[in-house]
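Everything below concerns the one structure shown next.
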Amino acid sequence: MELFLVLLALLLIILGIVGSFLPILPGPLTSWAGLLVLHFTEGVELSQTFLIATLLFAIFIYVLDYIIPAIGTKRFGGSKAGMIGTTLGLIIGLLSPIPFGIIIGPFIGALIGELMHRNDMDKALKAAFGSFLGFIASTFLKFIVAIVYLGFFIVKLSEHGGNWY
């Protein structure tokens, strides 16, 4: 049972890292769920204070994930259409065989969304750039937190004092 919980925790941590890029999965919250599962393994010590602090931080990052792209879009004169385009562009970029699709897709999507909203290429480019910057900043922040949670996982697992079976 212990090995199953450790493997499940590792899977959740990895899904959290992947979720940093995919808008479908809440990255840091999924990684935190991995830490929570690790907490239930025998021989791994995770305090309630640690779990609560990391949960609150994951929730904070989850909320920021919606605020940062909006700030980037608004600061550069973007619209909701640009934000929707960014998300759709990310999904298409991930699924397409285009090199750097995960980077190119959100920008192209934001540009198309802004062009559909207003027919001014200069304003659309500026807004698309803002939307793209907000997306990149938010994604980077989620990725860093998920990696830190992976580090916590590795450290706590290395201190494991129980049986694996």
Side-chain angles (χ1 to χ4, degrees), residues 9-39 46-96 98 100-156:
L10 179 61
L11 175 66
L12 288 168
I13 295 283
I14 291 169
L15 282 174
I17 293 169
V18 171
S20 298
F21 299 99
L22 295 175
I24 298 165
L25 290 171
L29 285 172
T30 306
S31 288
W32 180 84
L35 292 175
L36 181 64
V37 169
L38 186 65
H39 170 72
L46 295 173
S47 71
Q48 284 184 336
T49 304
F50 174 81
L51 287 172
I52 291 169
T54 52
L55 173 61
L56 291 175
F57 195 73
I59 291 170
F60 177 69
I61 296 301
Y62 180 76
V63 170
L64 276 182
D65 186 36
Y66 290 98
I67 295 172
I68 291 173
I71 290 171
T73 301
K74 191 174 248 185
R75 186 156 182 93
F76 284 82
S79 67
K80 188 170 185 140
M83 290 175 57
I84 292 170
T86 301
T87 302
L88 291 175
L90 168 68
I91 293 168
I92 292 169
L94 281 170
L95 299 176
S96 69
I98 301 169
F100 304 109
I102 193 170
I103 296 171
I104 297 169
F107 179 78
I108 299 290
L111 181 62
I112 291 170
E114 289 299 333
L115 283 172
M116 289 175 67
H117 179 70
R118 62 180 127 220
N119 207 5
D120 183 350
M121 182 60 119
D122 289 337
K123 287 183 181 179
L125 269 172
K126 184 179 175 186
F129 184 69
S131 182
F132 175 72
L133 278 181
F135 164 76
I136 292 296
S138 178
T139 299
F140 181 72
L141 188 60
K142 290 187 302 184
F143 178 72
I144 293 299
V145 171
I147 291 296
V148 167
Y149 286 8
L150 172 64
F152 289 152
F153 173 83
I154 291 169
V155 167
K156 292 301 181 179

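Taken to the nearest 0.5 Å, the OG1 atom of Thr139 stands 11.5 Å off from the CD1 atom of Ile144. Here CD1 of Ile112 is found 13.5 Å from CD1 of Ile84. Values are rounded to the nearest 0.5 Å. The structure places CZ of Phe153 at 10.5 Å from OG of Ser31, a figure rounded to the nearest 0.5 Å. Taking CD1 of Ile91 as the reference point, atom OG1 of Thr87 lies at 6.5 Å (rounded to 0.5 Å). Atom-to-atom distance recorded for Tyr149:OH and Leu35:CG is 7.0 Å, nearest 0.5 angstrom. Rounded to the nearest 0.5 Å, atoms CD1 (Ile104) and CD1 (Ile92) are 13.5 Å apart.
Phe21 and Phe143 have tilted rings, their planes meeting at an angle from 30° to 60° on a 0 to 90° scale.
Using a 4.5 Å cut-off on side-chain heavy atoms (C-beta onward), Leu29 and Leu55 make contact. A heavy-atom distance below 4.5 Å is found between the side chains of Phe107 and Leu125. In this structure, Asp120 and Glu114 have side chains that are not in contact, with every pair of non-hydrogen atoms separated by 4.5 Å or more.
Residue Leu115 comes nearest to Ala124 through the heavy atom pair CD2-CB, 3.6 Å, listed as atom of the first residue, atom of the second, then distance. Heavy atoms only, all atoms of each residue included: Leu111 and Met121 are closest at CD1-SD, 4.2 Å. Taking each heavy atom of Ala146 and Gly16 in turn, the nearest pair found is CB-O, 3.9 Å.
With Ser20 contributing its side chain and Gly27 its backbone, the two residues share no donor-acceptor pair below 3.5 Å. Not one N or O on the side chain of Ser138 forms a donor-acceptor pair closer than 3.5 Å with the backbone of Phe135.
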With side-chain contact (heavy atoms from CB on, under 4.5 Å) as the criterion, how do Trp32 and Leu36 come out once you've worked through the C-alpha distance, each side chain's angles and the decisive distance to 0.1 Å? CA-CA 6 Å; Trp32 180 84; Leu36 181 64; 3.7 Å; yes
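Atom CZ of Phe50 sits in a crowded spot, with more than 12 heavy atoms from other residues, nucleotides or ligands closer than 6.0 Å.
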